[in-house]
Colleague: 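This is the structure, below, for whatever I ask next.
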Amino acid sequence: MNNIVLIGFMGSGKTSIGKIVAKMLGLKFIDTDYYVEKMIGKSIKYIFEVYGEKYFREMEKRAITEIYNMRPIVISTGGGVVLQEYNMNLLKLYSIVFFIYAPVEKIIKNISFDTKERPLLNRKDWVSEVKELMKKRESLYYKYADFIVDTTDKDIEGSAQEIVEIYKRLYSI
Ligand code: S3P
């Protein structure tokens with residue numbers, strides 16, 4: 001069976017949903033940001049601040065290279081994973097990719113609690129940065145998605161349930 005990969009914008013709920021999906025299916029869960037943090041021994045915030053985004057992207061790529069074929073597992077990715085075609089080509093080899101869609105209002109609400117922890121949004125005008133980044137990235141999420149999970153009117157449990165149902169249907173389990 002293939003992996004389940006969750007892609008989508010920061011604050012869309014990928015990590016929370018992924019953890020529930022993994023629990024429901026009895027699969028191992030890996031969050032690529034957490035994996036990078038363990039690899040380097042530093043927080044994402046520190047890595048961005050001290051080594052820069054380019055270095056982080058290299059480490060993100062290394063993390064994907066190490067985990068893409070550990071199937072079947074559930075992988076939740078950082079919002080920028082789609083920026084490197086290499087990552088997505090690798091992930092798509094052995095994964096079903098779910099785009100966790102959330103409307104911009106929901107994203108803004110979710111990340112308003114921890115913009116300081118998100119290096120790309122640690123600035124005064126973070127709301128306009130969110131809108132800019134979304135404009136640039138949304139088409140990539142759609143491009144790589146096998147399925148789209150619309151979280152507009154769903155909580156994380158409901159979204160996880162939807163993913164589990166699709167996965168079970170695909171593998172008749
Ligand atoms: C990023 C999203 C973050 C993290 C890093 C960069 C992005 O992950 O990988 O701060 O470029 O969108 P989350 O999507 O889990 O917040």
Side-chain angles (χ1 to χ4, degrees), residues 3-22 28-68 73-88 90-91 95 97-145 148-152 154-156 159-160 163:
N3 297 321
I4 291 176
V5 166
L6 307 187
I7 61 170
F9 205 75
M10 286 175 259
S12 56
K14 291 165 294 185
T15 305
S16 314
I17 295 169
K19 280 182 183 164
I20 301 175
V21 170
K28 184 179 159 78
F29 172 75
I30 295 183
D31 176 84
T32 57
D33 282 346
Y34 184 73
Y35 194 91
V36 167
E37 287 183 334
K38 292 291 144 215
M39 212 160 72
I40 312 297
K42 303 280 180 213
S43 69
I44 297 296
K45 188 171 177 254
Y46 183 94
I47 295 170
F48 264 77
E49 275 171 14
V50 177
Y51 306 124
E53 180 172 355
K54 193 159 172 261
Y55 177 79
F56 168 75
R57 296 296 172 204
E58 282 307 309
M59 293 307 109
E60 188 176 41
K61 200 165 155 184
R62 198 163 106 192
I64 306 280
T65 310
E66 288 181 15
I67 64 181
Y68 79 99
I73 60 170
V74 178
I75 303 170
S76 114
T77 59
V81 74
V82 291
L83 299 174
Q84 302 188 86
E85 207 182 346
Y86 170 93
N87 292 340
M88 295 314 296
L90 223 52
L91 286 172
S95 307
V97 178
F98 292 86
F99 168 30
I100 308 299
Y101 169 82
V104 69
E105 304 75 33
K106 195 166 175 175
I107 299 264
I108 288 170
K109 194 169 153 226
N110 287 351
I111 53 191
S112 60
F113 305 105
D114 63 351
T115 50
K116 297 256 179 328
E117 291 309 310
R118 297 176 193 269
L120 295 176
L121 302 177
N122 191 6
R123 44 196 275 186
K124 262 208 194 99
D125 59 344
W126 66 270
V127 171
S128 39
E129 184 61 14
V130 165
K131 290 179 181 163
E132 266 312 298
L133 285 175
M134 274 188 105
K135 238 188 268 165
K136 283 189 200 146
R137 293 178 178 179
E138 204 159 55
S139 62
L140 291 171
Y141 296 135
Y142 282 110
K143 173 179 162 188
Y144 292 117
I148 296 152
V149 179
D150 183 353
T151 68
T152 309
K154 274 184 219 106
D155 56 13
I156 51 171
S159 303
I163 293 168

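Each residue takes its place number in the sequence, starting with 1. Ligands are counted one by one from 1 in listed order, and the atoms in each one are counted from 1 as well. What you see below is based on every heavy atom in this structure, not just the backbone, and it leaves out hydrogens, waters and symmetry mates.
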Colleague: Quick check against the 3.5 Å criterion: does Q84 have a side-chain atom that pairs as donor or acceptor with the backbone of R57?
Modeller: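 Yes; judged by distance alone, with no hydrogens or angles, the pair exists.
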Colleague: Measure from the side-chain N and O atoms of S95 to the backbone N and O of I4, and report whether any donor-acceptor pair falls under 3.5 Å.
Modeller: no
Colleague: Any donor-acceptor pair under 3.5 Å linking the side chain of D31 with the backbone of Y34?
Modeller: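 It does hold such a pair.
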Colleague: Can you work out which protein residues put a heavy atom within less than 4.0 Å of ligand 1?
Modeller: M10, K14, D33, I44, F48, F56, R57, G78, G79, G80, R118, P119, L120, R137
Colleague: Check the orientation of F99 and Y142. Use parallel for under 30°, tilted for 30 to 60°, and perpendicular for over 60°.
Modeller: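 The rings of F99 and Y142 stand perpendicular, inter-plane angle above 60°.
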Colleague: Would you verify whether the NZ or CZ of K38 falls within 45 degrees of the ring axis of Y35 while also being under 6.0 Å from that six-membered ring's centre?
Modeller: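 Verdict for Y35: no cation-pi partner in K38.
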Colleague: Please indicate whether K19 has more than 12 foreign heavy atoms, meaning atoms of other residues, nucleotides or ligands, lying under 6.0 Å from its NZ.
Modeller: no
